[in-house]
Participant: 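I'd like to ask some things about the structure below.
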Protein chains: 2
Amino acid sequence: MSNISDIIEKFILDAIKQDSEIDLSRNELANFFGCSPSQINYVLSTRFTLDRGFDVTSQRGGGGYIRLVRVNEDSVLRTVLNRLKEPIDYLGAKHILDNLVYNNVISEEESDILSLAVSSKALSSPINNENYIRSQILRNVLVNIKRGK
Amino acid sequence: MSNISDIIEKFILDAIKQDSEIDLSRNELANFFGCSPSQINYVLSTRFTLDRGFDVTSQRGGGGYIRLVRVNEDSVLRTVLNRLKEPIDYLGAKHILDNLVYNNVISEEESDILSLAVSSKALSSPINNENYIRSQILRNVLVNIKRGK
DNA sequence: TATAATAAAGGTCAAAGATAGTCAAAGTGA
DNA sequence: TCACTTTGACTATCTTTGACCTTTATTATA
């Protein structure tokens with residue numbers, strides 16, 4: 001039970017008990033616990049996952065940080081998230097969105113935007129390039145959102 | 001966190017909150033914040049871009065200045081759609097979304113959703129499969145959507 | 001007055017610094 | 001053995017600085 005990862009996990013869990021969002025310094029933590037910095041990544045990636053209700057973002061460079069956010073868990077949402085571990089086609093996604101609107105998890109406007117964002121037109125791409133797909137999604141949403149208003 | 005660039009950014013944002021156009025002195029600013037003058041250029045070029053709705057002009061020589069202007073609302077969407085003909089990284093997208101919110105083209109909620117939808121986490125993918133990316137996007141959005149501000 | 005020198009801005013870019021991320025290999029314990 | 005942990009070398013990203021460059025205004029001088 002006394003492996004460093006568990007100890008670090010407890011430490012972080014304790015820190016995020018009060019606030020639902022905290023900023024960590026990878027190097028400071030590693031230093032504090034006398035471990036390698038990548039150990040912090042290990043702890044985060046094995047214990048602070050989406051499945052367990054955590055979201056991690058970070059920034060490098062001077063003043064960099066690791067931001068940990070505790071995510072809300074709702075039973076409808078949990079079911080949906082489970083389904084979304086698998087690939088899903090547009091129609092399936094649409095059904096899920098309708099369902100979420102019905103259950104007041106998201107609003108109709110939010111659903112509209114999301115369905116544009118995940119339409120085939122937005123996502124089908126000859127090349128697997130993140131930046132390329134990103135601009136395609138935004139373009140698709142923005143072009144169509146104007147029509148709707 | 002505490003990197004000077006963020007602090008300077010806040011300072012300038014605050015200054016331009018009242019007037020939609022301000023003149024800055026590079027040297028004075030650098031002096032005030034105790035940083036190198038070129039740091040000011042760094043802040044301007046990374047944070048006060050056209051994508052974010054700012055236009056920067058300047059004059060050298062005695063009595064020189066840096067003029068910051070918020071761009072005209074009408075041209076915003078056109079500029080953005082034009083920009084989106086090219087691939088775009090996450091930070092660029094975020095800037096565009098902020099700008100669209102500022103100009104009332106989309107709401108803050110819509111921006112929040114979209115920025116989750118096009119985050120690196122949502123889009124980075126080992127395989128170029130539409131359905132796979134779709135579920136990833138939705139998952140990423142839904143997991144984070146409930147954190148009320 | 002016209003021109004040349006100097007001063008007073010701001011611009012550029014590459015290197016150094018400061019973080020964080022990745023991945024594979026080695027270690028550990030049930 | 002096998003899964004989990006730990007480490008370190010290498011990579012990626014963002015920030016900060018400084019040396020050198022360009023432009024413009026002002027002052028000195030022929």
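This is a predicted model, so every value here is computed, not measured. Chain letters run A, B, ... following the sequence lines, proteins first, then strands; residues in each count from 1.
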Participant: Under 4.0 angstrom, heavy atoms only, what part of the nucleic acid is A:Ser5 near: base, sugar-phosphate, or nothing?
Facilitator: sugar-phosphate
Participant: Within this structure, what is the CG-to-P distance between A:Asn131 and D:dT13, rounded to whole angstrom?
Facilitator: 10 Å
Participant: Mind calculating the distance between CG (A:Asp6) and P (C:dT28) to the nearest angstrom?
Facilitator: 17 Å
Participant: Starting at atom OH of A:Tyr42, determine the distance to atom P of D:dT7, rounded to an integer number of angstrom.
Facilitator: 12 Å
Participant: Got a sec, which residues hit salt bridge (charged side-chain N to carboxylate O under 4.0 Å, His left out) with A:Arg139, two or more places apart in sequence or on another chain?
Facilitator: none
Participant: For B:Glu21, check side-chain contact (heavy atoms from CB on, under 4.5 Å) against everything at least two apart and list the hits.
Facilitator: B:Arg67, B:Val69
Participant: Identify, with sequence neighbours excluded, every residue that meets side-chain contact (heavy atoms from CB on, under 4.5 Å) alongside A:Asp19.
Facilitator: A:Ile22
Participant: Can you tell me the distance, in whole Å, between the CG atom of A:Asn31 and the P atom of D:dG8?
Facilitator: 14 Å
Participant: Please identify each residue that fulfils salt bridge (charged side-chain N to carboxylate O under 4.0 Å, His left out) with A:Glu130, with sequence neighbours left out.
Facilitator: A:Arg134
Participant: Would you classify B:Ile4 as touching base, sugar-phosphate or nothing, given that sugar-phosphate means primed atoms plus P, OP1 and OP2, and contacts are heavy atoms under 4.0 Å?
Facilitator: sugar-phosphate
Participant: Could you work out, with salt bridge (charged side-chain N to carboxylate O under 4.0 Å, His left out) as the rule, every residue matching B:Arg52, not counting sequence neighbours?
Facilitator: B:Glu9
Participant: Can you confirm whether A:Glu108 is buried at CD, in the sense that more than 12 heavy atoms of other residues, nucleotides or ligands lie under 6.0 Å from that atom?
Facilitator: no
Participant: Roughly how many Å is it from CD in A:Glu130 to C1' in D:dT13, rounded to a whole number?
Facilitator: 14 Å
Participant: Nearest whole angstrom, please: distance from the P of D:dA12 to the CG of B:Asp89.
Facilitator: 16 Å
Participant: Do A:Asn140 and A:Ser119 pair up side chain to side chain, a donor and an acceptor below 3.5 Å, judged on atom types alone?
Facilitator: yes
Participant: Please report the distance, rounded to the nearest Å, between CZ in A:Phe33 and P in D:dT6.
Facilitator: 12 Å
Participant: Using a 4.0 Å cut-off on protein heavy atoms (strictly under), produce a 5'-to-3' string for nucleotides 10-17 of chain C with B for base contact, S for backbone-only sugar-phosphate contact, and - for none.
Facilitator: BBBB----
Participant: What is the distance, to the nearest angstrom, from the CG atom on A:Asn3 to the P atom on C:dT28?
Facilitator: 13 Å
Participant: Taking for each residue the nucleotide of DNA chain D with the nearest heavy atom, is it A:Ser36 or B:Gly34 whose nucleotide lies nearer the 5' end?
Facilitator: A:Ser36
Participant: Across the strands shown, which category fits B:Arg67 at heavy-atom distances under 4.0 angstrom: base, sugar-phosphate, nothing?
Facilitator: nothing
